[in-house]
Amino acid sequence: MKQLIIFDLDGTLAPSKSSLDTEMSSLLHDLLEVVNVAIISGGAWLQFERQVLSNLPQDERLAKLSILPTCGTQFFQYSGRWMRLYAEDFTAEERETIINSLNQAVATAGFPVARTWGETIEDRGSQLTYSALGQQAPLEAKEKWDSDFTKRMSIKAILDTLIPEFSVRLGGATSIDVTKPGIDKAYGIRKLRDILHISIREMIYVGDALFPGGNDYPAEQTGVISIPVRAPNETKRVIESIIACLGDDRQARSFEV
């Protein structure tokens with residue numbers, strides 16, 4: 001019997017930096033009726049507010065939703081209002097080291113960008129994120145820039161040598177996320193286990209970057225059952241299947257009682 005369904009955000013529940021569509025919002029709301037749900041993403045809290053929470057009904061089911069921004073380096077729960085349980089923020093010295101290394105790695109990799117939309121490096125407190133085309137780049141441009149991940153994997157390889165004391169993962173469509181060592185989505189999975197008192201074998205993880213180097217990969221390494229998806233439409237079908245299975249199982253258990 002699964003007790004917790006965990007989702008990545010960008011590329012899994014919605015296109016990069018986009019809001020949940022009406023169908024996804026409805027499916028998540030239905031899922032919250034039958035099981036606990038968590039969302040872990042490289043995005044900051046404000047991104048969750050815009051993409052997810054503003055598109056969900058504001059009712060009692062939110063108490064079953066856990067939000068983990070910046071790859072699990074922060075944790076929010078709902079109890080009448082959203083409350084942050086912890087945050088693993090960088091020191092000023094760590095922040096400077098990472099930013100300098102990001103700039104050096106990008107220059108060394110040598111992938112010129114003709115145009116950017118907004119800042120390319122975003123400080124999310126507990127995570128620094130490099131977005132090759134800028135934080136406000138249109139989805140169409142982002143999808144074309146590194147569709148096979150080779151550009152970001154090259155930049156990541158350089159970063160791994162420059163800042164081996166930090167965790168470096170691919171995220172979103174054009175992003176690279178840097179967090180403190182050992183603090184990634186695996187850290188978030190373990191925090192969910194400890195805070196919600198749900199064992200890892202009772203969880204399912206759904207994400208679009210479960211390959212080695214992807215920011216969902218550490219989650220899979222915890223031993224959680226993982227379901228890879230390629231786009232939100234695939235996630236919708238996964239959610240429908242989970243609702244059907246858990247709903248049928250609970251109905252069967254009620255008959256047994």
| message | Please say yes or no: joined through hydrophobic side-chain contacts below 4.5 Å, possibly via intermediate residues, are Phe7 and Val224 part of one cluster? | response | no
| remark: Interatomic distance, CG@Leu128 vs CD1@Ile176, rounded to 0.5 Å, equals 12.5 Å
| query | Can any side-chain N or O of Ser41 pair as donor or acceptor with the backbone N or O of Leu9 at less than 3.5 Å? | reply | no
| task | Please lay out, stage by stage, how Asp177 and Lys156 fare under the test salt bridge (charged side-chain N to carboxylate O under 4.0 Å, His left out). | result | CA-CA 10 Å; Asp177 301 323; Lys156 170 179 159 48; over 6 Å; no
| said: What's the separation between atom CD in Gln135 and atom CD in Glu119, rounded to the nearest 0.5 Å? | reply: 8.5 Å
| Distance (rounded to the nearest 0.5 Å) between Ile40 CD1 and Phe75 CZ | 8.5 Å
| Salt-bridged, Arg237 to Glu234, with N to O below 4.0 Å? | no
| Do Leu53 and Trp45 have side-chain heavy atoms sitting under 4.5 Å apart? | yes
| Is Ile99 reachable from Val113 through a run of I, L, V, M, F, W or Y residues, each pair having side-chain heavy atoms under 4.5 Å apart? | yes
| Any chance the side chains of Asn233 and Glu23 put a donor and an acceptor closer than 3.5 Å? | no
| said: By the definition side chain to side chain donor-acceptor pair (under 3.5 Å), identify the one residue from Thr129, Thr70, Thr179 that meets it with Arg124. | reply: Thr129
| Shortest non-hydrogen contact from Phe48 to Pro69? | CE1-CA, 3.4 Å
| query | Are the side chains of Met203 and Ile198 in touch, meaning some heavy atoms are under 4.5 Å apart? | reply | yes
| remark: Note: Leu62 and Trp82 closest approach over all heavy atoms is O-CH2, 4.1 Å
| request: Check whether any side-chain heavy atom of Arg193 sits under 4.5 Å from a side-chain heavy atom of Arg190, and report yes or no. | output: yes
| said: Please say yes or no: joined through hydrophobic side-chain contacts below 4.5 Å, possibly via intermediate residues, are Ile204 and Leu68 part of one cluster? | reply: no
| Hphob cluster co-occupancy, Val37 + Ile195, side-chain heavy atoms under 4.5 angstrom | no
| Less than 4.5 Å apart, any side-chain heavy atom of Thr222 and any of Ile200? | yes
| Electrostatic pair Lys185:Asp8 at N-O distance under 4.0 angstrom | yes
| said: Do Ser66 and Phe76 have side chains that approach each other closer than 4.5 Å (heavy atoms only, starting at C-beta)? | reply: no
| task | Evaluate the criterion side-chain contact (heavy atoms from CB on, under 4.5 Å) for residue pair Ile67 and Leu65; output intermediate values, then yes/no. | result | CA-CA 7 Å; Ile67 299 293; Leu65 176 62; 4.0 Å; yes
| task | Step through the shown structure and confirm whether more than 12 heavy atoms of other residues, nucleotides or ligands are within 6.0 Å of CD on Gln221. | result | yes
| message | If we ignore hydrogens and angles and just use 3.5 Å, is the side chain of Arg50 paired with the main-chain N or O of Ser18 as donor and acceptor? | response | no
| field | Main-chain N/O of Leu4 paired with Asn36 side-chain donor or acceptor, under 3.5 Å | value | no
| message | I'd like to know if the side chain of Asp146 and the backbone of Lys151 have a donor-acceptor N/O pair within less than 3.5 Å. | response | yes
| field | Gln74 side chain to Ser126 side chain, donor-acceptor N/O pair below 3.5 angstrom | value | yes
| task | Classify the side-chain pair Lys142/Thr174 by whether it contains a donor and acceptor separated by less than 3.5 Å. | result | no
| said: Tell me which one of Glu202, Gln77, Lys191 satisfies side-chain contact (heavy atoms from CB on, under 4.5 Å) with Leu196. | reply: Gln77
| Does one side chain, of Tyr130 or Glu122, offer a donor that lies under 3.5 Å from an acceptor on the other? | no
| request: Given salt bridge (charged side-chain N to carboxylate O under 4.0 Å, His left out), test Glu240 with Lys236 step by step and report yes or no. | output: CA-CA 6 Å; Glu240 287 173 341; Lys236 292 173 183 178; over 6 Å; no
| Whether Ser26 side chain and Thr22 backbone form a donor-acceptor pair below 3.5 Å | no
| said: Test your reading of the model: is there a side-chain donor-acceptor pair from Ser131 to the backbone of Leu133, 3.5 Å cut-off? | reply: no
| request: Looking only at non-hydrogen atoms, find the nearest pair between Arg169 and Gly214 and report the distance. | output: CD-O, 4.0 Å
| request: Please name the pair of heavy atoms, one in Pro232 and one in Pro15, separated by the smallest distance, quoted to 0.1 Å. | output: CG-N, 3.9 Å
| message | Tell me if the CD atom of Glu140 is crowded by more than 12 foreign heavy atoms within 6.0 Å. | response | no
| task | Over all heavy atoms of both residues, which pair between Val52 and Ile39 is shortest? Give the atoms and the distance, please. | result | CG1-CD1, 3.9 Å
| query | Hey, is the main chain of Asn55 close enough, under 3.5 Å, to the side chain of Ser25 for a donor-acceptor pair? | reply | yes
| request: Could you tell me whether the side chain of Arg95 and the main chain of Phe90 form a donor-acceptor pair under 3.5 Å? | output: yes
| task | Taking atom CD of Glu165 as the centre, report whether more than 12 heavy atoms of other residues, nucleotides or ligands fall under 6.0 Å from it. | result | yes
| note | dist Leu192:CG -> Tyr205:OH (nearest 0.5 Å) comes out at 10.5 Å
| Could you go step by step and tell me if Ile163 and Ser101 meet the side-chain contact (heavy atoms from CB on, under 4.5 Å) rule? | CA-CA 7 Å; Ile163 47 172; Ser101 298; 3.2 Å; yes
| message | If you apply the rule side-chain contact (heavy atoms from CB on, under 4.5 Å), what do you find for Cys71 with Gln127, and how did you get there? | response | CA-CA 8 Å; Cys71 291; Gln127 176 180 297; 3.4 Å; yes
| Which atom names give the shortest non-hydrogen contact between Asp216 and Ala209, and what distance separates them? | OD2-N, 2.8 Å
| task | Measure the spacing between CG of Asp194 and CD1 of Ile189 and express it to the nearest 0.5 Å. | result | 11.5 Å
| Gap between atom OH of Tyr78 and atom CD of Glu60 - 0.5 Å precision | 9.5 Å
| request: Output, in order, the C-alpha distance, side-chain angles, deciding distance and verdict of side-chain contact (heavy atoms from CB on, under 4.5 Å) for Arg61 and Lys64. | output: CA-CA 6 Å; Arg61 294 185 194 178; Lys64 296 171 70 175; 5.5 Å; no
| field | Pairs where residues 139-158 contributes a residue and the test ring pair (Phe, Tyr, Trp, His ring centres under 6.0 Å) is met, not counting sequence neighbours | value | Phe149-Phe211
| message | Please check this pair: side chain of Arg152 against backbone of Ala173, looking for a donor-acceptor N/O pair closer than 3.5 Å. | response | yes
| Is there a donor-acceptor pair under 3.5 Å between the side chain of Asp184 and the backbone N or O of Tyr187? | yes
| message | Are Ile6 and Ile227 connected into the same hydrophobic cluster when the rule is that any two of I, L, V, M, F, W, Y join if their side-chain heavy atoms are below 4.5 Å apart? | response | no
